[in-house]
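Right, one structure below, let's go through it.
Bear in mind the structure is a predicted one, so any value in this text is a computation, not a measurement. Every heavy atom of this structure was used, including side-chain atoms; hydrogens, water molecules and symmetry mates were not.
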Amino acid sequence: MWWMMNEGGGHYCSKKSDDICGDVCGQESSRLSMSRIRCILRGIDFKTYIFVFVMIPTCIFGIYLHGQKISYFLRPLWESPPKPFHDIPHYYHENVSMETLCKLHGWGIREFPRRVYDAVLFSNEVDILTLRWQELYPYITQFVLLESNSTFTGIPKPMVFASNRDQFKFVEPRLTYGTIGGRFKKGENPFVEEALQRVALDQLLKIAGITDDDLLIMSDVDEIPSRHTINLLRWCDDIPQVLHLRLKNYLYSFEFLVDNNSWRASVHRYQTGKTRYAHYRQSDEILADAGWHCSFCFRHISEFIFKMKAYSHNDRVRFSHYLNPKRIQRLICKGADLFDMLPEEYTFKEIIGKMGPIPHSYSAVHLPSFLLENADKYKFLLPGNCMRESG
């Protein structure tokens with residue numbers, strides 16, 4: 001095979017080459033790969049170097065920091081909006097009779113009102129629980145509260161309600177209080193522990209004496225139905241078996257009105273063996289303007305930090321500096337998101353419309369009466385008082 005060999009007995013390269021990599025011909029095979037790599041690198045211009053070694057790592061780091069934002073912004077592309085609720089107009093005025101109000105809603109009037117049970121899972125929201133129970137007090141037959149020594153994320157917690165029970169003496173004769181031990185399974189999906197606690201709350205309701213056709217309020221502590229809403233539903237006949245409540249959605253205090261679309265709270269006409277305590281959509285019917293949802297409405301910065309680590313969406317704390325007290329205080333006064341997230345919406349129009357801090361509201365009209373009657377004690381919940389206590 002003389003045509004494949006050169007005079008020195010080495011490999012012969014028959015291909016003519018006048019480029020910068022031509023010198024790789026004739027090199028030993030063990031050095032061939034590295035030589036080709038060096039040739040390729042010599043052939044890359046400066047702009048390509050910048051792109052490969054600067055732009056690509058920057059993009060990867062940007063995705064690491066803001067991948068969640070990108071995912072939420074593109075949500076309309078991969079998730080369709082849920083089926084719209086059927087909104088029931090809500091009629092109320094203090095000088096209009098209950099018979100007339102029921103008739104305006106298309107319902108009849110009862111000879112006597114239904115009994116009402118208010119059941120909640122409690123974590124650490126002492127101030128909001130006080131507002132809730134004071135608002136609902138006139139019309140509740142039994143207040144039912146379940147407390148655990150574990151957060152949904154498996155973190156041990158003190159029995160906060162038990163330690164502050166003296167503050168709730170006004171409901172003591174109508175209170176059914178229960179406790180449940182945590183399983184402390186760190187790393188488990190937090191919604192598993194949450195679901196188990198809701199099942200336990202079903203059992204506590206039976207102990208409280210709930211019976212068929214009693215009204216049961218299913219909502220988190222910070223989802224507060226208005227007093228007149230519950231009075232309407234207990235007096236009117238033919239109301240839906242399950243009725244969601246559309247609440248005004250606030251963040252940090254009643255200064256930051258997000259929207260009017262909080263919907264998870266619901267009222268049920270209890271059915272033995274069928275009604276299960278839950279916090280998801282259970283009906284297509286929803287009553288408009290039925291109360292308030294005040295999320296992360298705490299007095300102390302430490303309470304914000306506790307909830308950020310303890311509640312079912314704790315995965316949103318992606319970086320440790322999110323828990324910095326100074327950062328939290330700054331974002332509260334700004335009305336910005338603690339988790340640096342985009343709005344959870346289903347259309348680009350809604351996402352873009354809600355981007356950025358929540359506009360300040362200076363209206364304190366139609367808020368829980370107990371809040372206004374005790375404004376000095378609860379001023380942190382009113383417009384113009386964004387500073388929180390450090391303890």
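- A salt bridge links E345 with K354: the closest approach of a Lys/Arg side-chain nitrogen to an acidic carboxylate oxygen falls below 4.0 angstrom.
- Between the side chain of S253 and the backbone N or O of L382, no donor-acceptor pair lies under 3.5 Å.
- Here H93 and H228 keep their ring centres 6.0 angstrom or further from each other.
- Residues D284 and K83 are paired through a salt bridge, judged by an N-O separation under 4.0 Å between the basic side chain and the carboxylate.
- Side chain of N385 to backbone of P383: a donor-acceptor contact under 3.5 angstrom is found.
- Taking every heavy atom of both residues into account, T229 and A290 meet most closely at OG1-O, 3.4 Å.
- Counted by atom type alone, T211 and D214 present one or more donor-acceptor pairs between their side chains at under 3.5 Å.
- Counting non-hydrogen atoms of neighbouring residues, nucleotides and ligands closer than 6.0 angstrom, the CD atom of E99 reaches no more than 12 such neighbours.
- Considering every non-hydrogen atom in both G181 and S148, the closest pair reads C-OG, 4.3 Å.
- Remark: side-chain polar atoms of Y252 are paired, donor with acceptor, to backbone N or O of A336 under 3.5 angstrom.
- Taking 4.5 Å as the limit, every side-chain heavy atom of V144 sits out of range of all side-chain heavy atoms of D118.
- For the side-chain hydrogen bond (donor to acceptor under 3.5 Å, both in side chains) criterion with D127, the lone passing option out of K377, R299, H300 is R299.
- The cationic atom of R388 (NZ for Lys, CZ for Arg) does not lie both less than 6.0 Å from the six-membered ring centre of F304 and within 45° of the ring axis.
- By the 30° and 60° cut-offs, the orientation of the rings of F85 relative to W263 is tilted.
- Looking at N189, its side chain does come within 3.5 Å of a backbone N or O of F191 through a donor-acceptor pair.
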Review point. Taking it one step at a time, do D87 and R246 satisfy salt bridge (Lys or Arg N to Asp or Glu O under 4.0 Å)?
Key: CA-CA 9 Å; D87 283 84; R246 192 178 294 283; 2.9 Å; yes
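- Residues I239 and L233 share a closest heavy-atom pair of CD1-O, 3.6 Å.
- The number of heavy-atom neighbours closer than 6.0 Å to NE2 of H360, taken from other residues, nucleotides and ligands shown, is above 12.
- In this structure, Y117 is not a member of the same hydrophobic cluster as W133, with clusters built from ILVMFWY side-chain heavy atoms closer than 4.5 Å.
- Of the possible donor and acceptor atoms, one in the side chain of R327 sits under 3.5 Å from a partner among the backbone N and O of Y322.
- The shortest heavy-atom contact between L247 and I224 is CD1-N, 4.1 Å.
- Annotation for S219 and H279: closest pair CA-CD2, 4.5 Å, computed over non-hydrogen atoms.
- Side-chain atoms of V267 and L287, non-hydrogen and from C-beta on, never get closer than 4.5 Å to each other.
- For Y137 and F370, the ring centers are positioned 6.0 Å apart or more.
- D237 places no side-chain N or O within 3.5 Å of a backbone atom of I109 that could act as its donor or acceptor partner.
- A salt bridge does not link R316 with D340: none of the charged nitrogens is closer than 4.0 Å to a carboxylate oxygen.
- When only modelled atom types and interatomic distance are considered, R269 and T275 share no side-chain donor-acceptor pair under 3.5 Å.
- A donor-acceptor contact shorter than 3.5 Å is absent between the side chain of E193 and the backbone of P190.
- Under the 4.5 Å side-chain heavy-atom criterion for grouping Ile, Leu, Val, Met, Phe, Trp and Tyr, L381 is connected to L372 within one hydrophobic cluster.
- Classified by interplanar angle (parallel below 30°, tilted 30° to 60°, perpendicular above 60°), the ring pair Y378/F380 is tilted.
- No hydrogens or angles considered: nothing links the side chains of S361 and S363 as a donor-acceptor pair under 3.5 Å.
- Both the sub-6.0 Å distance and the 45° axial angle are not jointly satisfied by R115 relative to the ring of Y270.
- Ring geometry, F254 versus Y250: the interplanar angle exceeds 60°, so the pair is classed perpendicular (tilted spans 30 to 60°).
- A side-chain donor-acceptor contact under 3.5 Å links T176 and Q142.
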Check your understanding: Between Q167 and N164, is a side-chain contact (heavy atoms from CB on, under 4.5 Å) present by the stated rule, with each step listed?
Key -> CA-CA 6 Å; Q167 298 184 32; N164 292 274; 3.0 Å; yes
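- Between V317 and L323 the shortest side-chain heavy-atom distance falls below 4.5 Å.
- Ion pairing between a basic and an acidic side chain is recognised when a charged N comes within 4.0 Å of a carboxylate O; R110 and D238 show no such pairing.
- Within the 3.5 Å criterion, the main-chain N or O of R227 finds a donor-acceptor partner in the side chain of E135.
- Y277 places a side-chain N or O within 3.5 Å of a backbone atom of A119 that can act as its donor or acceptor partner.
- Salt bridge status for D222 with K307: present, with a side-chain N to carboxylate O gap under 4.0 Å.
- Nearest heavy atom pair, residue L338 against residue L331, reads CA-CD1, 4.0 Å.
- Contact annotation: the side chain of I230 approaches that of V116 to within less than 4.5 Å [non-hydrogen atoms, C-beta and beyond].
- The salt bridge (charged side-chain N to carboxylate O under 4.0 Å, His left out) pairs that include a residue from residues 150-163 are E147-K157, where partners are two or more places apart or lie in different chains.
- In this structure, R132 contributes its side chain and P225 its backbone to no donor-acceptor pair below 3.5 Å.
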